[in-house]
2 protein chains.
Amino acid sequence: MPLTRTAPARTKLLDAALTLIREKGYSATSVDELCQAAGVTKGAFFHHFESKEALGAAAADHWSEVTGAMFASADYHRKADPLSRVLGYIELRKSLLEGEPAEFTCVAGTMVQEQFGASDDIRTACRNSIFGHAATLEADIDAAIAAYGLSPDWTAKSLALHSQAVLQGAFILAKASSDKDVARDMVDHLSRYVRSLFPSPPAQEA
Amino acid sequence: MPLTRTAPARTKLLDAALTLIREKGYSATSVDELCQAAGVTKGAFFHHFESKEALGAAAADHWSEVTGAMFASADYHRKADPLSRVLGYIELRKSLLEGEPAEFTCVAGTMVQEQFGASDDIRTACRNSIFGHAATLEADIDAAIAAYGLSPDWTAKSLALHSQAVLQGAFILAKASSDKDVARDMVDHLSRYVRSLFPSPPAQEA
DNA sequence: CGCAACATACCAACCGGTTGGTATGTTGTC
DNA sequence: GACAACATACCAACCGGTTGGTATGTTGCG
């Protein structure tokens with residue numbers, strides 16, 4: 001029995017929001033455009049979201065779920081050495097810099113840059129997305145600190161956030177220059193920095 | 001004779017644009033708001049700018065001039081050691097992270113994030129602002145490379161751009177968290193990275 | 001005068017949001 | 001298991017306000 005023949009309107013709207021917000025930003029994306037891209041009517045929009053602002057916050061949460069699932073299933077978690085996991089994460093981020101800026105940039109970073117002063121719900125959802133993602137790196141960084149017997153004057157949390165800052169900044173430079181290679185160079189610097197914080201490069205392993 | 005009792009409308013509009021774009025972003029800032037903030041009428045606006053887009057591009061150029069003058073007159077240029085100049089620049093950037101995000105963030109970075117796909121004039125003006133500012137660091141970095149006799153596998157240009165990426169990313173994290181201390185931590189990591197690239201810390205000097 | 005620098009008044013298109021409505025479940029009760 | 005009561009999901013048409021932009025003054029100075 002074909003119970004759910006098509007995706008529900010809410011999901012289609014959230015998926016469309018991720019695309020459109022990355023392409024044009026939040027403010028420049030109208031509710032009508034969202035509905036057209038999702039193939040639903042405005043009535044459906046306001047049935048599922050009480051306002052455009054509510055959709056923006058929900059889109060940031062949706063982004064957290066989509067990207068969270070993707071990174072959770074990535075290969076770099078399987079490495080035994082914690083520093084290799086951290087560097088593997090960074091290499092993965094570099095490998096994702098493909099295609100047009102709108103295809104590899106961050107919805108949360110894009111949206112919070114515009115809306116941080118206008119909507120606290122959106123700001124909080126974007127903060128949770130970015131800081132929550134950074135938190136998934138913290139354990140590996142802490143494990144690497146322990147494995148190398150370091151007592152650094154920086155914290156695993158701040159280094160995890162730094163990696164996000166470099167990526168967000170790389171996205172801006174890529175957008176400004178229409179050149180993803182610039183962003184890749186920034187990630188290389190990040191990788192070099194992380195390696196500099198630990199005494200010796202880890203041995204290659206599967 | 002009171003020839004120019006007040007600033008001309010064009011300048012007032014550009015100054016208002018810098019403030020409003022940092023506070024609310026480009027798309028969410030209306031022409032009417034711009035005119036009200038500048039204390040001029042819409043007729044004056046479209047007398048000086050043929051469109052809102054033209055004002056956006058002009059605002060990015062204006063931002064380049066304002067910030068360019070500020071950094072050109074900064075103290076860090078007076079240090080004899082080139083690495084000290086680079087680190088002095090970074091410390092200056094850290095010291096500028098004061099007050100609300102809208103007071104210390106970058107107009108060009110904010111605007112290009114929204115408008116990179118919609119307006120090539122704005123995108124180019126923002127790219128020139130960011131990349132032009134980065135270029136002012138390149139000579140000092142190259143001089144530091146020479147002074148330390150380095151043959152690095154990175155370029156002065158990419159390191160200069162990396163510093164801009166870290167700053168732009170730090171702005172996003174500060175906006176997302178409403179916490180400038182996060183941004184300061186990112187700049188500390190940048191400073192630590194730059195120091196790691198050169199063999200020994202430079203001696204303190206005036 | 002002549003022309004740049006503004007101001008006033010206005011417009012069509014578009015904005016986010018609301019309305020009244022329908023079709024299709026789901027649930028509680030006897 | 002049948003039927004009323006209700007909930008969910010969605011739609012087409014519409015609303016008042018705001019948008020970027022224009023057309024037409026007015027003013028002041030060389």
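The sequence lines fix the lettering, A, B, ..., with proteins before strands; numbering per chain opens at 1.
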>> For Leu161(A) and His189(B): C-alpha separation, side-chain torsions, deciding distance, then whether side chain to side chain contact (heavy atoms under 4.5 Å, CB included) applies.
In response: CA-CA 10 Å; Leu161(A) 287 173; His189(B) 278 290; over 6 Å; no
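- Every side chain to side chain donor-acceptor pair (under 3.5 Å) that Asp75(B) has, sequence neighbours left out, goes to Arg78(B).
- Pairs of residues two or more places apart, or lying in two chains, that qualify as side-chain hydrogen bond (donor to acceptor under 3.5 Å, both in side chains) and include a residue from residues 35-48 of chain A are Asp32(A)-Lys42(A).
- The side-chain contact (heavy atoms from CB on, under 4.5 Å) check on Lys24(A) picks up Leu20(A), Ala28(A), Thr29(A), Glu33(A), with sequence neighbours excluded.
- Taking five base pairs at each end of the helix from dC1(C)-dG30(D) to dC30(C)-dG1(D) and finding the rotation axis that steps the C1' atoms of four pairs onto the next four gives two axes whose angle is 10°, to the nearest 10°.
- Taking atom CD of Glu53(A) as the reference point, atom C1' of dG17(C) lies 14 Å away to the nearest angstrom.
- Screening residues 163-187 of chain B for salt bridge (Lys or Arg N to Asp or Glu O under 4.0 Å) gives Glu98(B)-Arg184(B) as the qualifying pairs, with residues at least two apart or on separate chains.
- Separating the CZ atom of Phe45(B) from the C1' atom of dT22(D) is a distance of 14 Å, rounded to the nearest angstrom.
- Phe46(B) has its CZ atom 18 Å from the C1' atom of dG25(D), to the nearest Å.
- A heavy-atom distance below 4.0 Å to DNA chain D is reached by none of the residues of residues 14-26 of chain B.
- Contacts of Thr19(A) classified as side-chain contact (heavy atoms from CB on, under 4.5 Å), with partners at least two apart in sequence or in another chain: Glu23(A).
- Contacts classified as ring-ring contact (aromatic ring centres under 6.0 Å, His included) and involving residues 49-74 of chain A (residues at least two apart or in different chains) are given here: Phe45(A)-Phe49(A), Phe71(A)-Tyr89(A), Phe71(A)-His133(A).
- For Ala174(A), the side-chain contact (heavy atoms from CB on, under 4.5 Å) test picks out Phe104(A), Ala183(A), with sequence neighbours left out.
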Are there any protein N/O atoms within less than 3.5 Å of an N/O atom in nucleotides 8-15 of chain C, and if so, which ones and at what distance?
none

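- The side-chain contact (heavy atoms from CB on, under 4.5 Å) check on Ala165(A) picks up Leu173(B), Met186(B), with sequence neighbours excluded.
- Residue pairs satisfying the salt bridge (Lys or Arg N to Asp or Glu O under 4.0 Å) criterion with at least one member in residues 123-145 of chain A, sequence neighbours excluded, are listed as follows: Arg85(A)-Asp140(A), Asp120(A)-Arg123(A).
- The side chain of His47(B) contributes an N or O atom lying less than 4.0 Å from OP1 or OP2 of dA5(C).
- Atom-to-atom, CG of Leu13(B) to P of dG20(D) comes out at 13 Å; the value is rounded to the nearest Å.
- Side-chain N/O atoms of Ser191(B) and Arg195(B) include a donor and acceptor closer than 3.5 Å.
- Atom P of nucleotide dT19(D) and atom CG of Leu55(B) are separated by 15 Å, given to the nearest angstrom.
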